[in-house]
Amino acid sequence: MSNLPDYIRGSGCIEAKGAEPARFLEECTEAGLEFWDCVPIDDFTLRLNIRLADAGRIDRAATKSNCEATLISMSGTPVYMKRLRRRFILWILPLLFGATLVLSSFFIWRIEIHGNETVTETEILNVLDECGVGLGSFWPNFTSDSVRNQVLSRLPELKWLSVSVFGSRAYIEVREATEIPKIFDEGENYQIVASQGGLIEQVRALRGTAVFSQGQTVSKGEVLIDSKVVSPHAGISFEHAKGVVLARTWYELTAALPINYSVKDYSGGTRTRFALKIGDSRINFYRSSRILGNMCDNIVTEKKLGIRDLFTLPVSLITERFRDYELIEASFSELEARQLLTERLRAELLRAIGDGGEILDSELTITFSSEAAVATLRAECRQDIAEERLVSVAGLDMAQGN
Amino acid sequence: MKRHGWQSLPYRLELPGELMPGEPRITVTGGEVCIENHAGLKTYLSDCVEVKSRDGLIRIKGDGLKLAAMTRSDIVVRGFVICVERL
């Protein structure tokens with residue numbers, strides 16, 4: 001047997017005995033029987049290979065040539081198939097496996113979500129579950145349109161969603177809705193108040209009446225631009241105050257950092273245990289399910305069985321890896337503590353003065369003790385201290401009374 | 001071999017013998033002998049293969065001769081070929 005097609009078709013080894021074995025070959029050729037690897041054993045014997053399908057016709061050629069043809073051996077796929085015919089389990093198992101694959105492809109065993117940025121996968125998965133799309137769902141029961149309508153009505157943060165099912169994998173593509181910008185309502189009664197106390201450098205009242213001017217000091221919460229406008233022609237009216245108030249502000253921020261802290265020292269001991277998850281059931285391949293000790297990190301990985309992009313089985317192999325560690329005491333050096341505290345306080349200051357603010361001058365003092373480092377940041381800044389505040393009805397009545 | 005009548009016509013006209021239908025053609029290539037237009041196999045042994053043809057017998061002598069292929073018109077013999085004789 002020299003090539004794969006011959007192996008698939010099957011072949012048999014024939015031994016022909018007779019006075020004229022060459023005539024046997026002639027008869028085979030006349031009958032159109034294909035043969036190969038023909039070897040003369042002795043003067044009256046030949047050995048050759050034929051196709052299994054021709055084995056029935058070989059006797060006729062042997063009779064014609066006064067030879068005796070004997071089938072010595074058979075090989076190839078038909079022989080193995082014949083052997084397997086009575087071993088039902090070997091047929092049933094692949095059939096069952098195939099049937100399971102076909103059936104499982106009608107159910108969703110894996111959900112992939114793409115395109116979400118602010119809305120978490122868990123939120124989307126929960127809503128999908130409420131809509132009937134979850135692990136083990138029979139996907140011919142739902143359509144992309146129906147799922148989209150249900151999910152979008154429950155999750156207003158999304159503006160579009162599509163569900164594509166590939167085998168047992170549901171591919172969900174989402175687009176998040178853009179946030180509606182705040183509309184400036186001229187009719188609403190808003191005042192501008194100071195978000196931070198300081199020395200006013202500039203007041204630009206775009207709408208409303210400026211209460212303070214350059215050089216005056218204000219404390220937090222004081223009204224900087226009032227919504228009340230007095231006109232000689234229209235009288236008193238209230239509008240949505242708007243403006244920019246630049247002021248110099250002073251901050252004193254304090255932060256403390258413990259000098260000593262604990263770090264994990266991995267001793268190198270690792271243990272791994274396995275579990276099989278079929279649907280929602282879990283089969284543990286270990287005796288006790290308790291966590292092995294407290295001082296260890298637990299890393300869990302779940303691998304879905306199946307062929308990617310083709311089908312996914314409802315079976316996952318869960319690997320839990322425990323990595324032992326010991327807590328050891330460590331301490332910050334003065335330089336490290338200074339850097340950490342400086343970064344922390346500076347970030348807090350920048351957050352306090354906002355995007356348009358600037359730091360004019362700053363001074364950092366750090367005191368070290370055996371337990372902690374305490375830092376104090378004193379800074380002089382320039383920032384916009386204008387902050388909108390809705391005037392309450394009571395406040396409005398008071399203003400009208402005035 | 002003496003030819004009679006119309007069979008000798010291509011030779012008289014000095015035309016190639018291949019033009020005659022049924023004329024055996026023997027091709028020896030390395031350790032392989034191909035005989036076209038044969039008329040049957042007479043002897044098949046590992047040291048001698050005799051093939052019938054219209055003009056007579058073709059004998060291949062050698063060692064470890066094997067019938068590589070055989071159809072109604074062609075025979076291919078492989079092995080260590082010593083000589084090819086026409087009898």
Side-chain angles (χ1 to χ4, degrees), chain A residues 1-7 9 11-55 57-73, chain B residues 1 18 20-87:
Chain A
M1 180 103 24
S2 55
N3 52 30
L4 189 64
D6 287 339
Y7 186 80
R9 286 185 301 188
S11 68
C13 183
I14 297 282
E15 196 173 83
K17 281 183 182 176
E20 289 180 286
R23 236 189 107 196
F24 173 72
L25 294 180
E26 266 186 57
E27 290 298 334
C28 287
T29 313
E30 281 296 317
L33 300 176
E34 188 186 337
F35 63 87
W36 63 92
D37 291 346
C38 180
V39 183
I41 305 298
D42 53 46
D43 291 356
F44 306 105
T45 313
L46 280 178
R47 195 168 283 176
L48 64 150
N49 288 328
I50 58 159
R51 287 195 298 176
L52 269 185
D54 297 335
R57 292 195 292 159
I58 211 82
D59 284 339
R60 198 173 167 191
T63 313
K64 273 189 174 179
S65 58
N66 294 322
C67 287
E68 188 188 342
T70 317
L71 187 64
I72 297 171
S73 64
Chain B
M1 185 158 291
E18 296 165 6
M20 283 300 293
E23 190 76 8
R25 186 198 292 177
I26 305 164
T27 313
V28 182
T29 319
E32 183 179 292
V33 179
C34 177
I35 301 167
E36 293 171 64
N37 297 324
H38 70 88
L41 193 67
K42 189 170 185 293
T43 312
Y44 179 37
L45 297 168
S46 60
D47 57 347
C48 175
V49 176
E50 287 179 344
V51 180
K52 290 182 271 185
S53 74
R54 199 182 65 179
D55 296 339
L57 207 61
I58 300 162
R59 180 183 288 158
I60 304 162
K61 283 187 176 176
D63 192 22
L65 298 177
K66 259 176 78 173
L67 201 58
M70 182 175 175
T71 63
R72 286 181 185 178
S73 60
D74 303 343
I75 282 180
V76 180
V77 177
R78 284 197 188 124
F80 183 72
V81 179
I82 296 170
C83 67
V84 180
E85 298 172 339
R86 296 199 66 180
L87 305 172

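Lettering of chains follows the sequences in order, A, B, ..., and the numbering in each one begins at 1. Just so we're clear, the structure is a prediction, and the values are computed from it rather than from any experiment.
Paired with B:Ile60 under the rule side chain to side chain contact (heavy atoms under 4.5 Å, CB included), one option of B:Val28, B:Val81, B:Thr43 passes, and it is B:Val81.
Contacts with chain B were tallied for A:Val39, A:Thr29, A:Asp43, A:Leu25; A:Thr29 has the most, counting heavy-atom pairs under 4.5 Å. When A:Glu30, A:Arg23, A:Glu20 are compared by the number of non-hydrogen pairs under 4.5 Å with chain B, A:Glu30 comes out ahead. Chain B forms more heavy-atom pairs under 4.5 Å with one residue of A:Pro21, A:Pro40, A:Cys28 than with any other, namely A:Pro40.
Atoms CG and OG1, on A:Asp59 and A:Thr70 in that order, are 9.0 Å from each other to the nearest 0.5 Å. One finds the CZ atom of A:Phe35 at 11.5 Å from the CG atom of A:Asp54 (value rounded to the nearest 0.5 Å). Atom CG of residue A:Asp37 and atom CG of residue A:Leu48 lie 9.0 Å apart, to the nearest 0.5 angstrom.
Chain A is approached within less than 4.5 Å, heavy atom to heavy atom, by B:Leu45, B:Ser46, B:Lys52 from residues 45-53 of chain B, ordered by number.
Neither the backbone nor the side chain of B:Ile75 comes within less than 4.5 Å of any heavy atom in chain A. For A:Leu46, the part lying near chain B is the side chain, with the backbone staying farther off; criterion is any non-hydrogen pair under 4.5 Å.
Closest approach of A:Ile14 and A:Ile72 over heavy atoms only: C-CD1, 4.5 Å. Taking all atoms of both residues into account, the shortest heavy-atom contact from B:Thr71 to B:His38 is O-NE2, 2.9 Å.
Heavy atoms of other residues, nucleotides or ligands lying less than 6.0 angstrom from CZ of A:Arg60 number 12 at most. Atom CD of B:Glu32 has more than 12 neighbouring heavy atoms from other residues, nucleotides or ligands inside a 6.0 Å radius.
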